[in-house]
Enquirer: 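Right, I'll just put the structure down here and ask away after.
Counting convention: from 1, in listed order, for ligands and their atoms alike.
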Amino acid sequence: MRVIIEDSPAAACVKAACIIGEQLQRKPASVLGLATGGSPVGVYDELTRLHNCGELDFSKVITFNLDEYVGLGPDHSQSYRFFMRTHLFDHVNLPQGSTHVPDGRSLDFDSYCESYESKIREHGGIDLQLLGIGTDGHIAFNEPGSSLGSRTRLKTLTSETIRDNARFFGSEDAVPRLAVTMGVGTILESRCCLLIAYGEHKASAIAKAVEGPVTAQVTASALQLHRDVIVVLDQAAATQLNRQAYYREVEDAQSLLESGQLGKLGIGDE
Ligand code: GLP
């Protein structure tokens, strides 16, 4: 796991957008896995800015979102499809039909969820999956106790998640009780995972996810089993990490390597 600690949430968003941008430059027809919630908003703003400057082209990109509330249609102001339109889809040149957000109004969720998984496979799998984290350590809507091998399916939200997300709905009663969500197993199949978190209220979940035991009680901890994970944090979200100093040393060494300053790493005879 690569852990990058930036000075502020804004800097963390720019860093995450930069990582996504590099992915699109390497592979213009990338399949991106996208997330919702407060955390990715700044990332989408930066991606939009880069697109407007002519630095990012989404014309060949395919996207798959992690999850959707059950019962909300695409025009509901709190649906994740609406969120994605507002924060990204309407601002970049993603062709119609290239974006996929689970449908929260299916009448047959079992077959719908299977078809969502098939579509991801048909497009060759997800190259880079953006993730936020819940205060209980969940990714997408994989609440504590979700199988670490789980696939796209219906999930009942915990009272903690309902409380956390009530800020978007005005009251806890208005938050849907169920969601359709990619599973932990689905997420782990992405070629690269990019987890972002800001603020002190995420510090405990981040410490458990990054340095705690791998457990279904903190589904983000399953990312420790993945070979290519980048975690981008602000300082507040990093406060409970025991190995902060080491993560910073790794990043310093990485930038010396990238800028060719090999002598400072004791390589060569500079
Ligand atoms: C919801 C979403 C998650 C998101 C989490 C945290 O539960 N399903 O994908 O990571 O909220 O959201 P926020 O970034 O608003 O804290």
Enquirer: Do E160 and T158 have a side chain donor and acceptor closer than 3.5 Å?
Expert: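 Per modelled atom types, E160 and T158 side chains form no pair under 3.5 Å.
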Enquirer: Applying salt bridge (Lys or Arg N to Asp or Glu O under 4.0 Å) to K15 and E6, what does each step give before you reach the verdict?
Expert: CA-CA 8 Å; K15 182 69 189 177; E6 295 287 348; 5.0 Å; no
Enquirer: Considering only heavy atoms, which protein residues lie less than 4.0 Å from any atom of ligand 1?
Expert: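 Residues T36, G37, G38, S39, D67, Y80, G132, I133, H138, A140, F141, N165, R167, K202 each place a heavy atom under 4.0 Å from ligand 1, listed by chain and number.
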Enquirer: With a 4.5 Å limit on heavy-atom distance, are the side chains of Q129 and E189 in contact?
Expert: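 No, too far: nothing below the 4.5 Å cut-off.
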Enquirer: According to the interplanar angle, ranging from 0 to 90°, do the rings of F83 and Y80 count as parallel (below 30°), tilted (30 to 60°) or perpendicular (above 60°)?
Expert: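 Ring orientation of F83 relative to Y80: perpendicular.
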Enquirer: Please lay out, stage by stage, how V180 and Y116 fare under the test side chain to side chain contact (heavy atoms under 4.5 Å, CB included).
Expert: CA-CA 10 Å; V180 45; Y116 199 70; over 6 Å; no
Enquirer: Start with the C-alpha gap between V101 and T99, add the side-chain angles, then the distance that decides, and say whether side chain to side chain contact (heavy atoms under 4.5 Å, CB included) holds.
Expert: CA-CA 7 Å; V101 180; T99 65; 5.6 Å; no
